[in-house]
Amino acid sequence: MTNEVENVPELRFPEFKGEWESQKLKNKIVSIETGTNLLGSEDGQGIPLIKMGNIKRGYFSFDKLEKLNKDANIDKKNIAKKGDFLFNTRNTMELVGKSATWTKKNAEYAFNSNIARLVFNDINTYFFNYLYNTPIMINKIRSLAVGTTSVAAIYPRDLKHLNFYLPTLREQKKIGDFFSKLDQQIELEEKKLELLEQQKRGYMQKLFSQELRFKTKDNVYYSEWQLHKLGEIFKYSQGQQISVDKQFSVKSNEMKRFIRIVDITENPEPRFVLYESDTGLVNKEDLFMIRYGRPGIVSIGFEGIIANNLFKLIPKIKISTVYFYYLLSYNYYRINLLTNQSTMPALNFKSLDLLKFKIPSYKEQNKIGNFFTKFDELIEKQNQKIDGLKKRKKGFLQKMFI
């Protein structure tokens, strides 16, 4: 619904009317309190310490978490409380000013002196968490930073001049609750994804160690696994050198997909290339590998030409490339040790040839490969569900704030 009134969002809960009011943060701030000067470490045994790296844009991440010493005497004012709006005062010019509202109820976390707690009057901090992290506000906040590209700061006195539009406290709460529930749903689906990935890793360990095995229709095990060197199973073919000026991001009927390292390690925009030869092409279920050891497999709609820093694994005997994709993925770190470990790592192919694996029969290979393929389909569906929720949230953020 489009509003004709000027200072209102494009999308709004129907029970609210009237314009949002222009505000300066200095009129809404009660206090600004920086955190403790005590230092933490990854070996600490005390309470966790929130540092600038733990604050993202609108949420917290604890992939890396330091703790204070067990006997540290921490002032209660340096402990984060539910609903606190925590602000990163120092960082790089790109990241300074990151903030998020603390939502934990029953856990004690301290925050350090690079973090400031902003206490507001008549601002719902859950609402402000989402308003603050809209692109318009991020640009406004970044403009207040002083310093260099690598070391920048935002001083509280400058932050006070930040201006924005604000609805009534009741509407703030409604919007804050709406996005909080959406974030909770995203978090729940991400936990489901994490569980699926953990289950997959567990099945890999058990199936490739033969702790678990598939049986035939007659309920007997397939034949014993046989020890093979990788060089007895595959030979290698290097990918193609394609000049940059022949690569395109938009597909036409004459173009073929150009598969690069980033297509395996990330999720980039697909690139296509004009290529008339049939040499160097990979097709469905063809197996290839990055030169530092990570494997890839061609799926439906992913056929094309591999770049020259990839190589194709061409079977010498009858095998399931799908099975070997999962086997080599599981053994990636073992394979990576065979590289020269330089700034431009490359596999030692002689050592790769000598790498030994116990291999099941062709039929059992297919069973294992199909099992993990179906598992990956579940993971992909869960990823798509999460992506859909995040796109939905992004759309609401664009329409529900001004």
Side-chain angles (χ1 to χ4, degrees), residues 193 196-197 200 204 230 233-316 318-332 335-336 339 344-347 349 352 365-366 368-388 390-391 394:
L193 174 63
L196 282 172
E197 290 172 339
K200 178 185 171 183
M204 279 185 154
L230 209 61
I233 301 169
F234 295 107
K235 59 182 180 179
Y236 317 110
S237 174
Q238 188 173 357
Q240 302 295 302
Q241 176 73 50
I242 304 293
S243 61
V244 175
D245 62 339
K246 289 185 178 179
Q247 296 180 40
F248 303 87
S249 60
V250 180
K251 184 180 181 181
S252 73
N253 292 334
E254 297 80 23
M255 292 180 180
K256 293 181 172 64
R257 177 78 180 262
F258 186 46
I259 304 170
R260 306 150 295 162
I261 286 179
V262 291
D263 293 303
I264 304 170
T265 59
E266 301 175 24
N267 187 26
E269 177 188 2
R271 295 191 70 82
F272 297 87
V273 62
L274 290 169
Y275 194 74
E276 297 177 354
S277 173
D278 288 333
T279 61
L281 296 179
V282 287
N283 303 299
K284 185 185 175 187
E285 295 190 358
D286 277 355
L287 184 62
F288 56 96
M289 188 177 282
I290 299 173
R291 293 187 69 85
Y292 55 77
R294 181 173 292 178
I297 193 163
V298 181
S299 60
I300 297 171
F302 205 64
E303 300 166 8
I305 311 141
I306 56 172
N308 68 327
N309 49 12
L310 307 175
F311 59 92
K312 183 177 177 181
L313 279 67
I314 303 171
K316 294 179 179 179
K318 186 178 181 181
I319 55 100
S320 162
T321 53
V322 177
Y323 166 83
F324 272 90
Y325 165 68
Y326 290 107
L327 175 68
L328 296 174
S329 297
Y330 180 68
N331 286 278
Y332 164 65
I335 296 168
N336 182 252
T339 67
M344 293 291 289
L347 280 170
F349 286 94
L352 186 64
Q365 287 177 38
N366 280 327
I368 295 171
N370 290 337
F371 174 80
F372 284 118
T373 297
K374 289 176 181 176
F375 222 105
D376 274 348
E377 288 171 356
L378 289 175
I379 290 173
E380 178 58 25
K381 285 181 181 178
Q382 189 63 20
N383 267 313
Q384 289 173 358
K385 188 174 185 179
I386 293 167
D387 287 344
K390 288 181 176 179
K391 286 178 182 176
K394 184 179 180 181

Could you give the distance from CZ (F288) to CD (Q238), rounded to the nearest 0.5 Å? 14.5 Å
Please walk me through it: do L313 and Y236 pass side chain to side chain contact (heavy atoms under 4.5 Å, CB included)? CA-CA 5 Å; L313 279 67; Y236 317 110; 4.2 Å; yes
Are Y326 and F371 near enough that their ring centres are under 6.0 Å apart? no
Locate the shortest heavy-atom distance separating L287 from F324; write the atom from each residue and the value. CD2-CB, 4.0 Å
How long is the gap from CE on M289 to NZ on K312, to the nearest 0.5 Å? 14.5 Å
Can you tell me if N308 and Q241 form a side-chain donor-acceptor pair at under 3.5 Å? yes
Between F234 and L352, does a side chain to side chain contact (heavy atoms under 4.5 Å, CB included) hold up when you go through it step by step? CA-CA 10 Å; F234 295 107; L352 186 64; over 6 Å; no
Within the structure provided, determine whether N383 and L193 are in side-chain contact (heavy-atom separation under 4.5 Å). yes
If every non-hydrogen atom of Y330 is compared with every non-hydrogen atom of M204, which pair is closest and at what distance? CD1-CB, 3.7 Å
Short question: side chain of T321, backbone of E285 - any donor-acceptor pair under 3.5 Å? yes
Between D263 and R260, does at least one N-O distance fall below 4.0 Å, as a salt bridge requires? yes
So how far is it from Y323 OH to L328 CG, rounded to the nearest 0.5 Å? 9.0 Å
Exam field: side chain N309 to backbone I290, donor-acceptor pair closer than 3.5 Å: no
Okay, side chain of N331, backbone of L327: is any donor-acceptor separation there less than 3.5 Å? yes
